[in-house]
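One structure is given here, and the rest of the page talks about it.
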Amino acid sequence: PMASQAPPNHCIRMHARDMLAAKRETPAGRITMAEHLKSAKAEDARADDDAKVRATVETTLKEIETEGDAAVRRLSKKFDNYAPESFRLSEAEIEALIAQVSPRDLEDIRFAQEQVRRFAEAQRATMTDLEIETLPGVILGHKNIPVQSVGCYVPAGKFPMVASAHMSVLTASVAGVPRIVAATAPFQGAPNPAVVAAMHMGGAHEIYALGGIQAIGAMALGTETIAPVDMLVGPGNAFVAEAKRQLFGRVGIDLFAGPTETLVIADDTVDAELCATDLLGQAEHGYNSPAILVTNSRKLAEETMAEIERLLKILPTAETAGASWRDYGEVILCADHDEMLAVAEDIASEHVQVMTDRDDWYLKNMTAYGALFLGPRTNVANGDKVIGTNHTLPTKKAGRYTGGLWVGKFLKTHSYQKVLTDEAAAEVGEDCSRLCMLEGFVGHAEQANVRVRRYGGRNVAYGAAAE
């Protein structure tokens, strides 16, 4: 719970303690002396929040695994005040909900889905099956096989995230997933018509009006009425992200897509209005959405903080955006673009908006992020809603080791091999036999030896290496 008014001035003006140089060591080992004009909530406080979330999720998932539908119903009633006879929407219910969506909204959803589909299909086309003869008579290959069942989570409890249906359901459909389950939290006591329309239009085979941990747990663990899936995808709040983390291994997941993060990298080629608008535009996602400005212009930094204060007085979502800015907002002043790059790489933000005199330089040199938005003409909202790139992206520094959700996440690359000639079987078998014995695996060696004897006509002693 947060105050409904914009945060007080002390939250966004410069503090003496914030003016101290912030010594930061980047992954590359470079020491930066970036100056924090505004700092975020302390890391130990964030760790306490994370620990509370972990404990809540662990308990809740155990309830779902033990009690099944009864636990899911109880949790939905508790958190969403929603407990229908069936959480799965019937075809009639889906059609009735779609009928509530205006023609203009349906047209906009179709347009957005066309863009997402076009890009996903182009990405899919880059993933080809492979077969090659590496030696005479030796065939190696791989096939790209769709995951057979996927659970797509679409947030809707606070804001109905229509676009998340395109990003998960539609992309899974392009990949050829044969069973696509979609779940979304009830919005103001009922399934949101636009979200359900987007799910249906995107290709969902089953749609459930179910949110939060109970949705994630039901799809992954299964209940009496919901068959479990093989993989979970989609963004969500801290509880959804933690539930996916705890279930990983039992099911696959796309990535840890937790609370939204945004980083604006800007120099004096842009103004405070653009920077402040882009920071608050993502801060409104939730009370714990980091929004960071990295700049080499003190004037831009100071003016952006002042502009944020002004905008928070008129922004309808100021309660949420203001809380995120107060607790998770940062303004970091750097000496030059090299230092800005080093700081950005260390942060590894989900969204990185670059508005500088060298945007393509950042494209060339950045390695750790979710998605880049290059130049003042585009923005993160384009990627969130309509332009075609996927908006389910890595958070909490996960951009160091993974990209975002894309059609390839729904495909598994499986290898295969064939040996077509007796000569190839004997030739490979001899090498295999000796290498197995080198490691002490006699049983492995015999798998090779029996084929050297059978197809090569050689009498290799049992348990010995082929010579």
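The chain is numbered in sequence order, starting from 1.
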Using a strict 4.0 Å threshold on nitrogen-to-oxygen distance, state whether [X] and [Y] make a salt bridge.
X      : Y      : answer
Asp50  : Arg54  : no
Glu206 : Arg179 : yes
Glu107 : Arg110 : no

Got a second to check how far [X]'s [atom1] is from [Y]'s [atom2], nearest 0.5 Å?
X      : Y      : atom1 : atom2 : result
Leu405 : Asn390 : CG    : CG    : 4.5 Å
Thr184 : Met199 : OG1   : CE    : 4.5 Å
Asn192 : Gln100 : CG    : CD    : 9.5 Å

Of the non-hydrogen atoms in [X] and [Y], which two are nearest, and what is the gap between them?
X      : Y      : result
Tyr153 : Ala185 : OH-CB, 4.1 Å
Met127 : Gly408 : SD-CA, 3.6 Å
Val233 : Phe410 : CG1-CE2, 3.8 Å

Checklist entry - Do the side chains of Val177 and Gln148 get nearer than 4.5 Å, heavy atoms only? => result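 Counting from C-beta outward, Gln148 and Val177 never come under 4.5 Å.
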Checklist entry - Are any of the side-chain heavy atoms of Leu75 and Ile213 separated by less than 4.5 Å? => result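 Leu75 does not reach Ile213 side chain to side chain.
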Checklist entry - Taking Thr171 for the side chain and Val407 for the main chain, is one N or O donor matched with an acceptor at less than 3.5 Å? => result no
Item to check | Residues, nucleotides or ligands: over 12 heavy atoms within 6.0 Å of Phe159 CZ | outcome: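 More than 12 within 6.0 Å, yes.
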Checklist entry - Crowded around Phe111 CZ? As in, over 12 foreign heavy atoms under 6.0 Å? => result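 No, the 6.0 Å shell around CZ holds no more than 12 heavy atoms from other groups.
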Checklist entry - So His337 and Trp361, would you call those rings parallel, tilted or perpendicular, with 30° and 60° as cut-offs? => result perpendicular
